[in-house]
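A quick write-up on the structure given underneath.
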Amino acid sequence: MTPQLWQVEPEGGIFLPQIGWHLDSRFPKARSFVSHAHFDHMARHRVILCSDRTRRLMARRLPGNSEIISLPFGQMHRLDDGTEIKLHPAGHILGSAQLAAKNHHGSFLYTGDFKLRPGLSAETCVTPHADTLVMETTYGVPRYEFPPFEEVAAGIRKFCYETLSDKATPVLFGYSLGKSQEILSALKEARVPIMLHPQVEKMTRVYEECGFEFPLYGRFDEAYLTGHVVICPPQSTKSTWFQNLRRKRTATITGWGLDSSTRYRSGCDAVFPLSDHADYNDLLRFVERVNPSRVYTVHGFAQEFSQTLRTRGIEAWALGKDNQLELKLN
DNA sequence: GCGATCAGCT
DNA sequence: CACAGCTGATCGC
């Protein structure tokens, strides 16, 4: 008799019925793995499994009284049912983890959000073998092929230099956790004065506590933004300090920047395609390295990418398509 | 006057 | 398309 592979069910995220754990559930559950500290992957579960660094970030963003099992990367841990698990770096943001598990159903890997290319502000992604793979496929169609980081970083620096020399203030939009620190890293040798939005600074401090180094930046002061490169969340366009700021030039930093519509949609003067997700080729490369016998895809172009895998002879299923229904029922 | 919580809005 | 979560209002202290 062939042993049954891992079962994977969509349910407010992902559910593994054979071991009773959720993965990145957005709603509070009895037990859930939290792959990283972005808000749409966290909730106040009774028991949380996460990396040490995600624990630190969570403590700053969503304090609660969950029981937390936090592990350093690579350390083996045995769940109550005997399943052996390990967390591996996913390369998405600080602390982002993949969950590798092994029991009588074979080996299992959940990527969480991941990026194969080494970044300047995240651990480097690894690709362990697994029989059953659940992977994130945000950019799972061929048109998403990101340019080299250095090329994009140089573009951001040029934008800042030109704006400053025109006596205007460059405002760079990126999420407070992850993207902002990657932008900061891109400015490492730019030698420009920088101010971080309070939310961005709060997250950056955790990176520094973990040993990451960034260029100098000043404390955010609405009265003294002029002459600084300002790094802030996209929603800042609604805030009064932004509306009061004269002579500014704005740029949004996002992987969706590869779409020509993004510049118009964002209302910014410039768009730079910097992402903390894998692009299409890296998604394919990842599957090749993990060499799974069955794949479940979640997020973004999940159906398109699972179709791509099937044409290459790999059993693949799109999982995330019931999420909208799930949200409506709640 | 402050943090916590929530609706609103991308 | 959608990567994720900020702003501002109000409530409780």
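In this text, all values refer to a predicted model and were calculated from it rather than measured experimentally. Numbers restart at 1 for each chain; the letters A, B, ... are given by sequence-line order, proteins then strands.
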Exercise. Distance check: side-chain N/O of A:H41 vs OP1/OP2 of C:dG5, anything under 4.0 Å?
Worked result: no
Problem set entry | Whole angstrom value for the distance that separates P of C:dC3 from CD1 of A:I183 | 18 Å
Exercise. Hey, is A:E201 close enough to A:R219 for a salt bridge, meaning N to O under 4.0 Å?
Worked result: yes
Problem set entry | A:R56 and A:E209 ion-paired at < 4.0 Å | yes
Exercise. When you check the side-chain N and O atoms of A:S239 and A:W241, is any donor under 3.5 Å from an acceptor?
Worked result: yes
Exercise. For A:D113, which contact category applies under a 4.0 Å heavy-atom criterion: base, sugar-phosphate, or nothing?
Worked result: sugar-phosphate
Problem set entry | Spacing of A:F220 atom CZ relative to C:dC6 atom C1', expressed in whole Å | 13 Å
For this session: Send over the distance from A:H38 NE2 to C:dC6 C1', rounded to a whole Å.
Result: 13 Å
Tabulated below should be each protein N or O lying under 3.5 Å from an N or O of nucleotides 5-10 of chain B; please produce it.
none

For this session: Rounded to the nearest angstrom, tell me the gap between atom CG in A:L274 and atom P in C:dC3.
Result: 17 Å
Problem set entry | Whichever of A:W241 and A:Y139 has its nearest DNA chain C nucleotide further upstream toward 5' | A:Y139
Exercise. Nearest nucleotide by nearest heavy atom, which residue falls closer to the 5' end of DNA chain C, A:Y175 or A:S236?
Worked result: A:Y175
Exercise. C:dT7 phosphate, OP1 or OP2: any side-chain N/O from A:H197 under 4.0 angstrom?
Worked result: yes
For this session: Measure across A:T138 and A:H277 and return the closest heavy-atom pair with its distance rounded to 0.1 Å.
Result: OG1-ND1, 3.5 Å
Exercise. Within the structure shown, what part of the strands sits under 4.0 Å from A:S239 by heavy-atom distance: base, sugar-phosphate, or nothing?
Worked result: sugar-phosphate
Seminar exercise, completed: Out of C:dC3, C:dA4, C:dC6, minimum distance to the side chain of A:T254 belongs to C:dC3
Seminar exercise, completed: A:F173 atom CZ is separated from C:dC3 atom C1', nearest whole Å, by 16 Å
For this session: Tell me whether the OP1 or OP2 atom of C:dG5 has a side-chain N or O from A:R26 closer than 4.0 Å.
Result: no
For this session: Take atom NE2 of A:H299 and atom P of C:dC3, then tell me their distance rounded to the nearest Å.
Result: 7 Å
Problem set entry | Distance below 4.0 Å between A:H36 side-chain N/O and C:dA4 OP1 or OP2 | yes
Exercise. What's the CE-P distance between A:M58 and C:dG5, to the nearest Å?
Worked result: 14 Å
Exercise. Do A:E84 and A:H77 have side-chain atoms, one donor and one acceptor, less than 3.5 Å apart?
Worked result: no
For this session: Tell me whether the OP1 or OP2 atom of C:dC6 has a side-chain N or O from A:S176 closer than 4.0 Å.
Result: yes
Problem set entry | Atom-to-atom span, CZ of A:F114 to P of C:dC3 - whole angstrom | 15 Å
Exercise. Is the number of heavy atoms from other residues, nucleotides or ligands within 6.0 Å of CG (A:D80) greater than 12?
Worked result: no
Problem set entry | Base of C:dC3 paired with side chain of A:D40 (donor-acceptor, under 3.5 Å) | no
Exercise. Contact class for A:Y144 vs. all strands (heavy atom < 4.0 Å): base, sugar-phosphate, or nothing?
Worked result: base
Problem set entry | A:R205 and A:E208 ion-paired at < 4.0 Å | yes
For this session: Would you tell me whether A:D24 and A:Y110 have side-chain atoms, one donor and one acceptor, within less than 3.5 Å of each other?
Result: yes
Exercise. Distance check: side-chain N/O of A:R143 vs OP1/OP2 of C:dC1, anything under 4.0 Å?
Worked result: no
